[in-house]
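Single-structure report; data block below.
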Amino acid sequence: MNDVLKSPEISIVVPTYNEEGNIYKLYEQIVENLIASSIKDYEIIYVDDGSSDASLKHIKELNATNPKVKFITFSKNFGHQNALRAGLDYAKGNAVICMDADLQHPPELIPTLIKYWEAGNKVVYTKRKNTNDLSFFKKLSSKMFYKLVSYLSETKLEEGTADFRLLDRSVVEVLKKFNENNLFYRGIIPGIGFKQLGVEYTPNERFSGTTKYTFSKMVRFALTGITSSSAKPLYFSIYLGAFLAVCSFFYGLYAIYVSLYTTEAVAGWTSTIASILFIGGIQLMMIGIVGIYLGKLFSESKKRPNYIIEESNISNI
Ligand code: UDP
Ligand code: MG
């Protein structure tokens, strides 16, 4: 209980993976904006997700001048969502703001987030406006991602909502109880209820460095998003199977007709091989879908930690 009394008003959680060029700039802007909101009691937690550059060194330098800067260092790269999870696990603030390290999530929005939180909202999430600064590929892939996840899952994902949001302490406590591996916050938070409000923002360009979401990380993230919020893909095999059964039935009728009433019956090799390949392909795809869910069950059943902390200056770690 003592902890609650001492807790800072606002915690800022920043997943950081090789962001050496952004640490200082982000820190300055966060502090500036917290002061603008008259927040003196805060903590900034950089979750260093196994960076191999000087990120941690810079964070420690900041800590030496301002003890409100905290750090959690992972033993290796565990991914963005796990870095967020660690931040939420150890943040002590009455409200926790999560934001990226690269200044694409504008710190100038912090006072707005705090204002709406003080007005009684438990989740203040943000929606990215599409700007011309974003690459065509990023725009297209993100549009497809939101559409697909929304279509397939029970909760609707609003386009452009990312992991830049303010969460009230009560919501953080709820989220800490979600024990599944590969947490997908974007899919979970809209579905947990509470008073939620969205604000729009225009993203900045990355201040320094390049994106840490490689193509393969993005594909994996999209698959996690879909399979962790919905079992609908599993039903595809039933629908597709039924559809193919109906098609094969009519094709069968046609084959009987050809062999009974025409003289072209032997020329069936092309269609045979084509249908074998087609069905084979579909089957492999469906086994793949089932495999993803099975893999999820496998990894959940092991109950391994989602991240391993190597070092931190947070008191209760
Ligand atoms: N990030 C992380 N671990 C990773 C990949 C990314 O902690 O494995 C952090 C990264 O440092 C940044 C945020 O997650 O603060 C978002 O990543 P990025 O800006 O590279 O993604 P993009 O904005 O290009 O989608
Ligand atoms: Mg970014």
Sequence neighbours excluded, the answer for side chain to side chain contact (heavy atoms under 4.5 Å, CB included) partners of Thr224 is Asn182, Ser228, Lys296
Side-chain donor/acceptor of Glu300 to backbone N/O of Asn181, under 3.5 Å:
yes
For the residue pair Lys76 and Phe74, would you count it as a cation-pi contact if the rule is NZ or CZ under 6.0 angstrom from the ring centre and within 45 degrees of the ring axis?
no
Measure the shortest side-chain to side-chain distance between Ile30 and Met99 over non-hydrogen atoms and say whether it is less than 4.5 angstrom.
yes
Within the distance-only criterion (no hydrogens, no angle test), does the side chain of Asn121 pair as donor or acceptor with the backbone N or O of Val124 below 3.5 angstrom?
no
Mind checking whether Val13 and Ile59 sit in one hydrophobic cluster, side chains of I, L, V, M, F, W, Y counted as touching below 4.5 Å?
no
Taking every heavy atom of Asn22 against every heavy atom of Ala101, the minimum-distance pair comes out as CB-O, 3.1 Å
With the side chain counted from C-beta on, respond yes when Lys92 and Pro8 share a heavy-atom pair under 4.5 Å apart, and no when they do not.
yes
Nearest atoms (heavy-atom pairs only) where Ser170 meets Asp168
OG-OD2, 2.6 Å
According to a 4.5 Å side-chain heavy-atom criterion applied to Ile, Leu, Val, Met, Phe, Trp and Tyr, with indirect links allowed, do Tyr90 and Ile44 form part of one hydrophobic cluster?
no
In terms of hydrophobic clustering (I, L, V, M, F, W, Y; side-chain heavy atoms under 4.5 Å; direct or indirect links), are Ile292 and Leu297 co-clustered?
no
Is there side-chain contact between Ile23 and Tyr27, with heavy atoms separated by less than 4.5 Å?
no
Provide the closest heavy-atom pair for Ile72 versus Ser312 in the form atom of the first, atom of the second, distance.
CG1-OG, 3.9 Å
Side chains of Trp117 and Ile10: closer than 4.5 Å at any heavy-atom pair?
yes
Do the ring planes of Tyr213 and Phe221 sit parallel (below 30°), tilted (30 to 60°) or perpendicular (above 60°)?
tilted
Within-4.5 Å side-chain heavy-atom neighbours: Cys98 and Leu88
yes
Approximate separation, where rounding is to 0.5 Å, of Arg128 CZ and His105 NE2
7.5 Å
Check the surroundings of atom NZ in Lys143: do more than 12 heavy atoms from other residues, nucleotides or ligands lie under 6.0 Å from it?
no
What one should report as the nearest heavy-atom pair of Ser52 and Asn18 is N-OD1, 2.6 Å
If you define the side chain from C-beta out and look only at heavy atoms, does anything of Phe207 sit under 4.5 Å from Gln29?
no
Kindly give the heavy-atom pair with the smallest separation between Gln104 and Glu205, and that separation in Å.
CG-C, 4.0 Å
Donor-acceptor pair, Asp102 side chain versus Arg206 backbone, under 3.5 Å?
no
Does Arg220 form a side-chain contact (heavy atoms from CB on, under 4.5 Å) with Leu223? I'd like the steps, not just the answer.
CA-CA 5 Å; Arg220 215 174 320 147; Leu223 284 177; 5.7 Å; no
Salt bridge or not for Arg169 and Glu173, using N-O below 4.0 Å?
yes
Rounded to the nearest 0.5 Å, what separates atom CD1 in Ile39 from atom CD1 in Ile114?
4.5 Å
Test side-chain contact (heavy atoms from CB on, under 4.5 Å) applied to Asp49 and Val47, step by step:
CA-CA 6 Å; Asp49 185 12; Val47 186; 5.6 Å; no
Taking Asp53 for its side chain and Glu20 for its backbone only, find out whether a donor-acceptor pair lies under 3.5 Å.
yes
Got a donor-acceptor contact below 3.5 angstrom from the Asn82 side chain to the Asn306 backbone?
yes
Are Tyr307 and Leu175 joined in one hydrophobic group, where the rule is that I, L, V, M, F, W and Y side chains link up if heavy atoms are under 4.5 Å apart?
yes
Can you check whether Val14's main-chain N or O pairs, donor with acceptor, with Thr16's side chain at less than 3.5 Å?
yes
Residues at least two apart in sequence or cross-chain that pass side chain to side chain contact (heavy atoms under 4.5 Å, CB included) with Leu148, listed by chain then number, are Leu152, Ile226
Ring pair (Phe, Tyr, Trp, His ring centres under 6.0 Å) partner of Phe164, the single match among Tyr201, Tyr185, Tyr125
Tyr201
Is there a donor-acceptor pair closer than 3.5 Å between any side-chain N or O of Asn313 and the backbone N or O of Phe71?
yes
Please walk me through it: do Asp89 and Lys176 pass salt bridge (charged side-chain N to carboxylate O under 4.0 Å, His left out)?
CA-CA 6 Å; Asp89 283 347; Lys176 278 159 76 173; 5.6 Å; no
Result of checking Val174, Thr161, Leu167 against Ile189 for side-chain contact (heavy atoms from CB on, under 4.5 Å):
Leu167
Taking the ring of His58 and the ring of Tyr24, is the distance between their centroids below 6.0 Å?
yes
Would a distance-only check, ignoring hydrogens and angles, find a side-chain to backbone donor-acceptor pair under 3.5 Å from Asn77 to Gly50?
no
If I take atom OG1 from residue Thr202 and atom NZ from residue Lys129, how far apart are they, to the nearest 0.5 angstrom?
4.0 Å
Minimum side-chain heavy-atom gap Leu84-Leu183 below 4.5 Å
no
Rounded to the nearest 0.5 Å, the CG atom of Leu109 sits from the NZ atom of Lys115 at a distance of 10.0 Å
In terms of hydrophobic clusters joined by side-chain contacts under 4.5 Å, are Tyr46 and Phe78 together?
no
Is there a side-chain contact between Thr126 and Arg165 (heavy atoms, below 4.5 Å)?
no
Nearest 0.5 angstrom please: Thr112 OG1 to Leu166 CG, how far?
11.0 Å
Enumerate the residue pairs fulfilling salt bridge (charged side-chain N to carboxylate O under 4.0 Å, His left out) with a member in residues 57-70, sequence neighbours excluded, ordered by first and then second residue.
Glu43-Lys70, Lys57-Glu61, Lys60-Glu311
For the backbone of Gly120 and the side chain of Lys122, can you confirm whether one donor and one acceptor N or O come within less than 3.5 Å of each other?
no
Could you check whether atom NZ of Lys40 has more than 12 heavy atoms from other residues, nucleotides or ligands sitting under 6.0 Å from it?
no
Would you give the length of the straight line joining atom OH of Tyr254 to atom OH of Tyr251, rounded to the nearest 0.5 angstrom?
6.5 Å
